[in-house]
Structures are given as structure tokens and as C-alpha cells.
J.: 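Take a look at the following structure, please.
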Amino acid sequence: MLAELFTAAANACRDRSPLTQRLLDDAAEDLRQGGVTSRIMAGSERDREGTMPGLRFAGAVHRLVLEGRAPGLAKHYPSVGGQPDLPTLWEAALPALGEHADLLRQRVQATVVQTNEPGRSAPLYGGLMVAAQEAAKAAGRHVPFCVRLLEVGASGGLNLRPHHVGYRLEDTVLGDPDSLLVLDPEWTGRPPADLSHRLRVVGRAGCDLSPVDVSTEDGRLHLSSFVWADQLGRWNRLRDALDLAATDPVKVERSAGPEWLAKQLARAERDVLTVVWHSVVWQYVSPADRAMGRAVLADAAAKATPTTPLALLVFEPRRTDDDYRFELLLKLWPAGISLNLGYGAGHGTPFTWDVTPWE
């Protein structure tokens, strides 16, 4: 039932975004009462959990605020300078929901959740350093491999420039210290790699079923709307990542993952490590596409050589006894290396480096 999915989404925001939690809890109750939220969600009643109907609703409402269409509600949204008053939030939301119900319904039905969290570049950077150096060791090389980075489910491509981001540690800045985007990765421990080496990325490409063009105002608004409005750290991080993307554009191709990946992996570059990367995308992939993607990767892995190595690097949630945790997993071919590099928050920071076998 749709109201239960809204409640589940609200619970997932607990202790992280009180504003989003309260909005979704109140919207869930409104759904049960047949209120204006029912009009907005008409046509989405049978949505499955993986399509995140609650977050699509919250994102559509946030976009109204960002566009200046809901001035009464904006007073509660820190992303536009407001201050939340949770007991009166729903009362402030109702006029905007009623006035823009048709537009909200159109947006809820037409969009998918697109967070494209740039904080995930921090575990990606560390994982790439490990992959490039481990592949080199396996090949008997003294210099880490250059990297060709292929991202499945790339959204707006904000994580396709990890070598152009700065990563501020206690005593140094890794990556590009002069970058428009400098992250505090909040690492516990360090990647099992020599961090004095430079990460050399010689090729980048990405695909997505619904790519976001971050060079447009519409694309920037779309990604911004899915950042929880009371998480100003994430909000500012996204602003910086969008500014960086404007100086270093990378086109994301509209395509399903398996077909695109097969095309990309059909060619191997000598003395280059090809890395297939995805983060928090697996839950949105159909079982059929998962199977096809695995088959494409297995075929390419069987053809990998010490001079044309292949890696799979993923940052995805894995179920624990009572919850999920996000783990960074690495496989290398033909080296036969499979490592769980550590775990962290879904947005990429903080992250704990804790290397164990990937089983």
C-alpha cells in the first residue's frame, strides 16, 4: 500500500532529515485519509518499493520550493534560507500541494530518484587507487595502471571526475587541492594503497536510463530537488560538484546498462585498467538486466589479460541482520582478487576502510 511505502521512506530519513521525515509521515496519513496527496499520487498506487514513490513526492515538493512556487512552504526549507517548524510544516504545505497538484502528479510520474551524490567520489577515489596498484602488482609492474572509468547508472555524471576532486585529510589534501570541489571524506583508516601516487584517469564514460544534463538549469534543479533540504552540507557539496562539472563536462549516454557495457567492453586498451563502477543503483535494476549485466562482465573478465586488466568496483547497500550498510567491493581480473574494502554512509561519507575478502 502506498501509504506504507511513504511511512517506510520517512523511517529511512529518521535522525538524518527531520524535515523530510515529517513531510512523508504527514503525507502518508493524508494518503490514508484520501487527501490531496491521493490526487498527486494518482496513477502511482501500485508502485513497488524500489521506485521510491515517497522520495519522488518529496523531491517534487522540494522543486516547487526551489522554483519559488511555494513561498509559504519555503519558510521551512533551509535550502532556500528557511527554518523548519515541524509541527506546522504540513499546514504550510497544503496550499502549495492543492495549487500545484497536477504539476506535482506529472513530475512524480515522470521522474526517477536521482541523487548522484558527489560524496561517493571519496570511496571511489580510494577504491581506484587500490585497484590501479593491485592490478600493477599482479602484472609485475612498478607503476600503477592508468584508469578508464565506466559508470553504469551515472545520472548526471558527477562522480566521473574523481581525479579532479580534492580530498582533505588531517595532514594533506589528496587529488586536486585546487578543485572547486574539496571533500572531507571522514575516513577511518586509509585505503590499502600508496596514496602518494597520482590517480591517472585516461578515459571516462557513463550511461543512465534517464541521464541528467547538468549543463542546464532544469538538470541542476532536478538533482538539487532530491537533496534533503535540511542537509546543508550535502546541498553545498552538490553546488560545488555542479560548478566543477561545468568546467569539465562529461556526457552521460541514454542507455540500458547491459547493452552499453557490452559496447564499451568490446574494446580493451593496452596498459590501461578498465574499471566498471556503480553506486547505489543496483536496487533500481530489473532482475533481467542484472543477469545480462553479469553475463557481459563475465565475458569481458574471461578475456582480460595482465596488460588489459578489468575491475568491478561497486558501492552498494548490503543487508545486515537488522538493516543495510553500504560496502565498497572490488574484483580484479585476471588477478583473481576479490576484496571488501570497507563500509560507510550511503552518501559516501563517513567511510571506514576495513579490508576483508569479498565473499
Side-chain angles (χ1 to χ4, degrees), residues 6-27 52-68 70 73-90 92-93 111-124 155-156 158-159 165-168 180-188 212 214 219-245 279-281 283 315 317 323-326 343-352:
F6 269 57
T7 298
N11 290 337
C13 301
R14 190 180 306 278
D15 301 325
R16 295 186 291 166
S17 177
L19 176 70
T20 308
Q21 180 186 356
R22 184 59 179 259
L23 177 72
L24 292 177
D25 273 334
D26 288 343
M52 305 291 183
L55 295 185
R56 284 166 27 227
F57 170 84
V61 173
H62 190 192
R63 179 156 181 166
L64 280 185
V65 172
L66 295 174
E67 292 171 334
L73 184 57
K75 298 174 183 177
H76 295 268
Y77 275 66
S79 56
V80 292
Q83 181 64 40
D85 179 50
L86 299 183
T88 63
L89 174 65
W90 190 248
T111 62
V112 295
V113 175
Q114 296 271 22
T115 52
N116 205 191
E117 175 53 55
R120 294 175 192 146
S121 282
L124 168 61
S155 185
L158 297 186
N159 288 313
V165 176
Y167 308 91
R168 184 181 294 111
L180 292 171
L181 174 61
V182 178
L183 299 173
D184 177 1
E186 300 181 62
W187 284 350
T188 297
V212 179
V214 296
R220 293 168 71 97
L221 274 172
H222 183 68
L223 288 184
S224 300
S225 70
F226 286 110
V227 174
W228 294 331
D230 49 353
Q231 291 193 333
L232 291 181
R234 286 181 63 211
W235 177 261
N236 293 330
R237 195 159 60 198
L238 178 63
R239 298 291 91 195
D240 291 344
L242 290 169
D243 290 343
L244 176 60
S279 66
V280 197
V281 72
Q283 68 203 65
F315 184 62
D323 200 359
Y324 290 87
R325 78 173 188 176
F326 293 79
Y343 55 91
H347 301 137
T349 62
F351 187 87
T352 297

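We count residues from 1, following the sequence as given.
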J.: Salt bridge check: are Arg239 and Asp243 linked by an N-O gap of less than 4.0 Å?
T.: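 Asp243 and Arg239: not salt-bridged.
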
J.: Could you measure the distance from the CG atom of Leu238 to the CG atom of Asn116? Nearest 0.5 Å is fine.
T.: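 Reported to 0.5 Å precision, the distance equals 8.0 Å.
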
J.: Can Thr111 and His222 be counted as having a side-chain donor-acceptor contact under 3.5 angstrom?
T.: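 Their side chains do not contain a donor-acceptor pair, so the 3.5 Å distance test is not met.
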
J.: Taking all heavy atoms of Phe57 and all of Ala27, pick out the closest pair and write down the distance.
T.: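 Distance-wise, the nearest heavy atoms are CE2-CB, 3.7 Å.
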
J.: Run the side-chain contact (heavy atoms from CB on, under 4.5 Å) check on Phe326 and Val280 step by step: do they pass?
T.: CA-CA 8 Å; Phe326 293 79; Val280 197; 3.9 Å; yes

J.: Taking atom OH of Tyr343 and atom OG1 of Thr352, what is their separation to the nearest 0.5 Å?
T.: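 That separation rounds to 4.5 Å.
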
J.: If you measure only the distance, is there a donor-acceptor pair under 3.5 Å linking the side chains of Ser17 and Gln231?
T.: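 The criterion, which ignores hydrogens and geometry beyond distance, is not satisfied for Gln231 and Ser17.
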
J.: Holding to ring pair (Phe, Tyr, Trp, His ring centres under 6.0 Å), I want the full list of residues that pass it with Trp187, two or more places apart in sequence or in another chain.
T.: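 Counting only residues at least two positions away or on another chain, Trp187 forms a ring pair (Phe, Tyr, Trp, His ring centres under 6.0 Å) with Trp353.
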
J.: Can you measure from CZ (Arg16) to CG (Asp230) and round to the nearest 0.5 angstrom?
T.: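 CG of Asp230 is found 11.0 Å from CZ of Arg16.
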
J.: Any non-hydrogen side-chain atom of Leu73 less than 4.5 Å from a side-chain atom of Leu64?
T.: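 Heavy-atom side-chain distance check fails, nothing below 4.5 Å.
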
J.: Test Trp90 against Leu23 for side-chain contact (heavy atoms from CB on, under 4.5 Å), laying out the working first.
T.: CA-CA 7 Å; Trp90 190 248; Leu23 177 72; 3.9 Å; yes

J.: If I take atom CH2 from residue Trp235 and atom OG from residue Ser224, how far apart are they, to the nearest 0.5 angstrom?
T.: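 One gets 4.5 Å once the value is rounded to the nearest 0.5 Å.
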
J.: Can you name the nearest heavy-atom pair linking Cys13 to Trp228, along with the distance?
T.: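 Shortest heavy-atom separation between Cys13 and Trp228 comes out as SG-CZ2, 3.6 Å.
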
J.: Which pair of heavy atoms, one from Pro185 and one from Thr349, lies closest together, and at what distance?
T.: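 Answer, listing the atom of Pro185 first, then Thr349: O-CG2, 3.5 Å.
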
J.: What are the two closest heavy atoms between Pro78 and Ala229, and how far apart are they?
T.: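 What the structure gives for the nearest pair is CB-O, 3.4 Å.
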
J.: Taking atom CG of Leu24 and atom CZ of Arg22, what is their separation to the nearest 0.5 Å?
T.: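 If I round to the nearest 0.5 Å, the distance is 12.0 Å.
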
J.: On a heavy-atom basis, which atom in Pro123 and which in Gly348 lie closest, and how many Å separate them?
T.: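 Nearest pair, atom of Pro123 first, then Gly348: CD-O, 3.5 Å.
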
J.: Rounded to the nearest 0.5 Å, what separation is found between the CG atom of Leu158 and the CG atom of Asp240?
T.: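 The CG atom of Leu158 sits 11.5 Å away from the CG atom of Asp240.
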
J.: So, do Leu223 and Ser155 sit near enough that their side-chain heavy atoms are less than 4.5 Å apart?
T.: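 SC-SC contact between Leu223 and Ser155 confirmed.
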
J.: Answer yes or no: is there a side-chain heavy-atom contact under 4.5 Å between Pro18 and Leu86?
T.: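 Pro18 vs Leu86: side chains touch.
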
J.: If the test is side chain to side chain contact (heavy atoms under 4.5 Å, CB included), which one of Val182, Val227, Leu181 qualifies with Arg237?
T.: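 Testing each of Val182, Val227, Leu181 against Arg237, the sole residue satisfying side chain to side chain contact (heavy atoms under 4.5 Å, CB included) is Leu181.
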
J.: Check Val112 against Arg56 and note the closest heavy-atom contact, atom names and distance.
T.: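 What the structure gives for the nearest pair is CA-CD, 4.4 Å.
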
J.: Could you check if a side-chain atom of His76 sits within less than 4.5 angstrom of a side-chain atom of Thr88, using non-hydrogen atoms only?
T.: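 Sidechains of Thr88 and His76: in contact.
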
